[in-house]
Amino acid sequence: MAKFAANLSMMFNEVPFTERFAQAANVGFKGVEYLFPYHEPAEKLSELLSKHKLVQVLFNMPAGVWETGDRGIACLPGREKEFADGVHKALKYALALDCKQVHAMAGKLDRRFTLKQQRECYITNIQYAADVMAEYDINLLIEPINIRDIPGYFLTTQSQAEDLMKFVDRKNVFIQLDLYHCQIMEGDLLKTIERLWGKFKHIQVASVPERNEPDRGEVNYFWLFKKLDEMGYQGWFGCEYHPAGHTKKGLGWLVKAQS
């Protein structure tokens, strides 16, 4: 049966962040993910996970200065030290939260550098992060993001991610397969899933084009959930969507998906 993780950065925004763990558990979620944990002490988050019997499924490595427009720094020459510091900060939280996978955001292209320079920087940084995480049996995820939500993002398609993985050449590097981004950039979701089989460890869902609950829009997620179950998918589905209204009122899809 499919396992669903609530994205606490987007869902249950009716209450403060630390209260969202209880909200998620109370409606039947068994796991949680979110963008960043670093605004709370790792010990406090660990206590919340334990109290509500939740699995920490995923979070992002530090992604630069979000408020000034950074969306990751892995591809940005000159910021390698900052990236490396972020790797170790993420590792500290991953160990405290018993989280087995972290996502390294690629960042937006910088016109001061050539595409080749940024590609080489990205590969080197991902290799470094993967090697650090591998010592603790933690997977490093890379995620293509659509150019509508983040114009100028470095990593935008699954094919690009596949190609980069060949050069990274680390056994603990996998794709974070966000079907919302994939549908916008490429479509043909089932055939893409089949092609990528074994190369991804986490799937995220949201309606297209609005990025709301997955029971609306142009993607038939219930059909995909069934297909993925038949294929033997054992990972989590991260619910990275913006509720169209009150979070709880929009969770009829979760009841249907788990029935």
If you group Ile, Leu, Val, Met, Phe, Trp and Tyr by side-chain heavy-atom gaps below 4.5 Å, do Leu8 and Met10 land in one group?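 Different hydrophobic clusters.
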Under a 3.5 Å cutoff, is there a donor and acceptor pairing between the side chains of Asn60 and Tyr34?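 No - no donor-acceptor pair under 3.5 Å links their side chains.
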Exam field: side chain [X] to backbone [Y], donor-acceptor pair closer than 3.5 Å:
X      : Y      : result
Ser46  : Ala42  : no
Gln56  : Gly31  : no
Asp178 : Ile145 : no
Gln118 : Asp110 : yes
Asn220 : Trp223 : yes
Asp229 : Phe225 : no
Thr247 : Phe12  : yes

Kindly indicate, with the supporting measurements, whether the criterion side-chain contact (heavy atoms from CB on, under 4.5 Å) is fulfilled by Glu33 and Phe59. CA-CA 6 Å; Glu33 63 177 37; Phe59 62 83; over 6 Å; no
Calculate, to the nearest 0.5 Å, the distance between atoms NE2 and CD belonging to His242 and Glu213 respectively.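 Here the interatomic distance stands at 11.0 Å.
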Distance (rounded to the nearest 0.5 Å) between Lys171 NZ and Met165 CE: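 Going from the NZ atom of Lys171 to the CE atom of Met165 covers 13.0 Å.
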Please confirm whether Lys108 makes a cation-pi placement over Tyr153, using NZ or CZ under 6.0 Å from the six-membered ring centre and within 45° of the ring normal.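 No, Lys108 does not lie over the aromatic ring of Tyr153.
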Cation-pi check for Phe222 against Lys256: NZ or CZ below 6.0 Å from the six-membered ring centre and within 45 degrees of the axis, yes or no?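 Judged by the rule (NZ or CZ under 6.0 Å from the ring centre, within 45° of its axis), Lys256 counts as positioned above Phe222.
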List the steps and the verdict of side-chain contact (heavy atoms from CB on, under 4.5 Å) for Leu54 and Phe21. CA-CA 8 Å; Leu54 291 166; Phe21 292 80; 4.1 Å; yes
Determine, for [X] against [Y], whether the closest basic-nitrogen to carboxylate-oxygen distance falls under 4.0 angstrom.
X      : Y      : answer
Asp131 : Arg170 : yes
Lys199 : Glu162 : yes
Lys44  : Glu47  : no
Asp85  : Lys81  : yes

Do the rings of [X] and [Y] sit parallel, tilted or perpendicular, given the 30° and 60° boundaries?
X      : Y      : value
Tyr122 : Phe154 : tilted
Phe36  : Trp66  : perpendicular
Phe200 : Tyr233 : tilted

Does Gln234 have more than 12 heavy atoms from other residues, nucleotides or ligands lying within 6.0 Å of its CD?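 12 or below, so no.
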Does the ring center of His39 lie less than 6.0 Å from the ring center of Phe17?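 Close enough - the centres of the two rings lie under 6.0 Å apart.
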I want to know whether Trp236 and Phe29 have ring centres closer than 6.0 Å.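 Aromatic pair excluded; centres sit 6.0 Å or further apart.
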In sequence, state the C-alpha distance, the side-chain angles, and the governing distance for Glu143 and His202, and then conclude on side-chain hydrogen bond (donor to acceptor under 3.5 Å, both in side chains). CA-CA 10 Å; Glu143 178 190 23; His202 186 63; over 6 Å; no
Might you work through the side-chain hydrogen bond (donor to acceptor under 3.5 Å, both in side chains) test for Gln23 and Lys248, ending with a clear yes or no? CA-CA 9 Å; Gln23 296 275 318; Lys248 289 184 179 180; 3.3 Å; yes
I would like to know whether Arg71 and Asp149 meet salt bridge (charged side-chain N to carboxylate O under 4.0 Å, His left out); could you show each step before the answer? CA-CA 11 Å; Arg71 293 297 182 267; Asp149 284 12; over 6 Å; no
Walk me through whether Arg79 and Asp70 qualify under side-chain contact (heavy atoms from CB on, under 4.5 Å). CA-CA 12 Å; Arg79 300 181 72 174; Asp70 282 337; 2.9 Å; yes
Apply side-chain contact (heavy atoms from CB on, under 4.5 Å) to the pair Asn139 and Lys100, showing each step before the final yes or no. CA-CA 6 Å; Asn139 290 329; Lys100 297 302 183 182; 6.0 Å; no
